[in-house]
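Below, read A as the first sequence line, B as the second, and so on, with proteins coming before strands; counting in each chain starts at 1. None of the values given here were measured: they were computed from a predicted structure.
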Protein chains: 2
Amino acid sequence: MDERFYDNWTTQLRKGLLEMCILNAIRPGRAYGYEIVRRLRQIEGLVIGEGTIYPILSRFHREGLVESHLEESSEGPARKYYELSDRGKKLLKKMNATWETIVRGVQNL
Amino acid sequence: MDERFYDNWTTQLRKGLLEMCILNAIRPGRAYGYEIVRRLRQIEGLVIGEGTIYPILSRFHREGLVESHLEESSEGPARKYYELSDRGKKLLKKMNATWETIVRGVQNL
DNA sequence: CCTGCTACCTTGTAATGCAAGGTATATTTT
DNA sequence: AAAATATACCTTGCATTACAAGGTAGCAGG
């Protein structure tokens, strides 16, 4: 059967959504890229690869939504930890609110 | 303040989501482009323009998700009505299920 | 030393949403 | 009758994203 359309659709659906999820994953404290990939992988329908997350994290930093610092690890190469800036926290709050509005809107379509 | 990131994010968030909403708007029976634009406009966070919907409807048709036919109107130019094909109905069901899975996944993040 | 896991990054491609344009019909206003 | 407004369709070019496929490097176990 032709799953091409569906597969592409799910990819499109992740656009923007991934950013929100990543910010929410960082929010409680701090997190590094490889860790976030593993956490989000467990959420059905939200698979994410390294080639996807690193550009996103870079953009977050460029936009001033997060701060980052390297930290040595005994289990491998150094990890780049990220945490939300004030701007990032504010924006995430707004994004979460927008998300809920949309979810509600879609529900009673 | 800098709303650029937020505005762009909402645009990205609409990707894929609009397709699902349009299909759901057509599902009960039939609908034409201009009509769908007006209906979806009322849903907060889901604004859509004509330059967005017509390419989507064309793609639906190209992918065999909908059938279409022209119908004269006394209120203006002819309308192009769309209705879901069997394939479209099946796919929409799958899309709605995926959407709910993702919404639930995001909820308990 | 070599395989596997950890951990980071970059490049090129495909796909989408949208602004900004265009065309044409029917109704209402001037 | 001319102009304006609402209806209704469409296309082109741009900006943005997610992803596959590649690359680099550190650490541990056999």
- Message: Would the distance check show the side chain of B:S85 and the main-chain N or O of B:L65 forming a donor-acceptor pair, the cut-off being under 3.5 Å?
- Response: yes

- Query: Can you name the closest pair of heavy atoms from B:I102 and A:G45 and give their distance?
  - Reply: CD1-O, 3.8 Å

- Message: Testing the basics here: between B:I43 and A:G105, what is the closest heavy-atom pair and its distance to 0.1 Å?
- Response: CG2-CA, 3.8 Å

- Task: With a 4.0 Å heavy-atom cut-off, tell me which residues in residues 95-102 of chain A come close to DNA chain C, sorted by residue number.
- Result: none

- Distance in angstrom units between A:F5 CZ and C:dA14 P, rounded: 18 Å

Report each atom pair, protein N/O against N/O of nucleotides 25-30 of chain D, whose distance is under 3.5 angstrom.
{"unit_1": "D:dC27", "atom_1": "O3'", "unit_2": "A:S74", "atom_2": "O", "d": "3.0"}
{"unit_1": "D:dA28", "atom_1": "OP1", "unit_2": "A:S74", "atom_2": "O", "d": "3.4"}

- Could you give the CZ-to-C1' distance, from B:R79 to C:dT23, as a whole number of Å? 18 Å

- In short, ring-ring contact (aromatic ring centres under 6.0 Å, His included) pairs touching residues 56-97 of chain B with sequence neighbours left out are B:Y32-B:Y81

- Task: Indicate whether OP1 or OP2 belonging to D:dT7 is found under 4.0 Å from a side-chain N or O atom of B:Y34.
- Result: yes

- Message: If you compare all heavy atoms of B:G29 against all heavy atoms of B:E83, which two are closest, and at what distance to 0.1 Å?
- Response: O-CB, 3.5 Å

- Task: Indicate the atoms forming the closest heavy-atom contact of A:P55 with A:E50, along with that distance.
- Result: CD-O, 4.2 Å

- DNA chain C-proximal residues of residues 14-33 of chain B, any heavy atom under 4.0 Å: B:R14, B:K15, B:G16, B:L18, B:E19

- Send over the distance from B:L13 CG to C:dG17 P, rounded to a whole Å. 11 Å

- Task: Using atom CD1 of A:I53 as one end and atom C1' of D:dA18 as the other, report the distance to the nearest whole Å.
- Result: 12 Å

- Query: Does some side-chain heavy atom of A:L109 sit less than 4.5 Å from a side-chain heavy atom of B:R27?
  - Reply: no

- With hydrophobic residues grouped by side-chain heavy-atom distances under 4.5 Å, do A:M95 and B:V47 end up in a single group? no

- Query: Quick one: is D:dA8 close enough that its OP1 or OP2 comes under 4.0 Å of any side-chain N or O from B:R38?
  - Reply: yes

- Query: So do B:L18 and B:I53 actually touch side chain to side chain, heavy atoms under 4.5 Å?
  - Reply: no

- Message: So A:Q12 and A:N8, do their side chains get closer than 4.5 Å, heavy atoms only?
- Response: yes

- Closest to the side chain of B:I48, out of C:dC18, C:dA7, D:dC9, is C:dC18

- Message: B:K94 vs A:E3, test: salt bridge (charged side-chain N to carboxylate O under 4.0 Å, His left out). Steps then yes/no.
- Response: CA-CA 11 Å; B:K94 200 170 171 186; A:E3 302 260 310; 2.8 Å; yes

- CG of A:D7 versus P of C:dA15: gap in Å, rounded? 12 Å

- Message: Expressed as a whole number of angstroms, how long is the span from A:F60:CZ to D:dT17:C1'?
- Response: 12 Å

- Ion pair B:E63/A:R4, N-O distance below 4.0 Å: yes

- Query: Do A:W9 and B:L91 have side chains that get closer than 4.5 Å, going by heavy atoms?
  - Reply: no

- Near A:E44 CD, under 6.0 Å, is it more than 12 heavy atoms from other residues, nucleotides or ligands? no

- Euclidean distance, atom CZ of residue A:R4 to atom C1' of D:dC19 [Å, nearest integer]: 17 Å

- OP1 or OP2 of D:dA15 sitting under 4.0 Å from any side-chain N/O of B:N8? no

- Message: Using whole Å, what does the distance between atom C1' of nucleotide C:dA7 and atom CG of A:L70 come to?
- Response: 11 Å

- Query: Do you know which two heavy atoms are closest between B:A25 and B:R39, and how far apart they sit?
  - Reply: O-NH2, 3.2 Å

- Item | Atom of B:L17, atom of A:L13 and distance for their closest heavy-atom approach | N-CD1, 3.7 Å

Give me the distances for all protein-to-nucleotides 9-13 of chain C N/O pairs that come in under 3.5 Å?
{"unit_1": "C:dC9", "atom_1": "OP1", "unit_2": "A:K80", "atom_2": "NZ", "d": "2.5"}

- Item | Axis-to-axis angle between the two ends of the helix from C:dC1-D:dG30 to C:dT30-D:dA1 (five base pairs per end, rounded to 10 degrees) | 10°

- Query: Less than 4.5 Å apart, any side-chain heavy atom of A:R41 and any of A:R38?
  - Reply: no

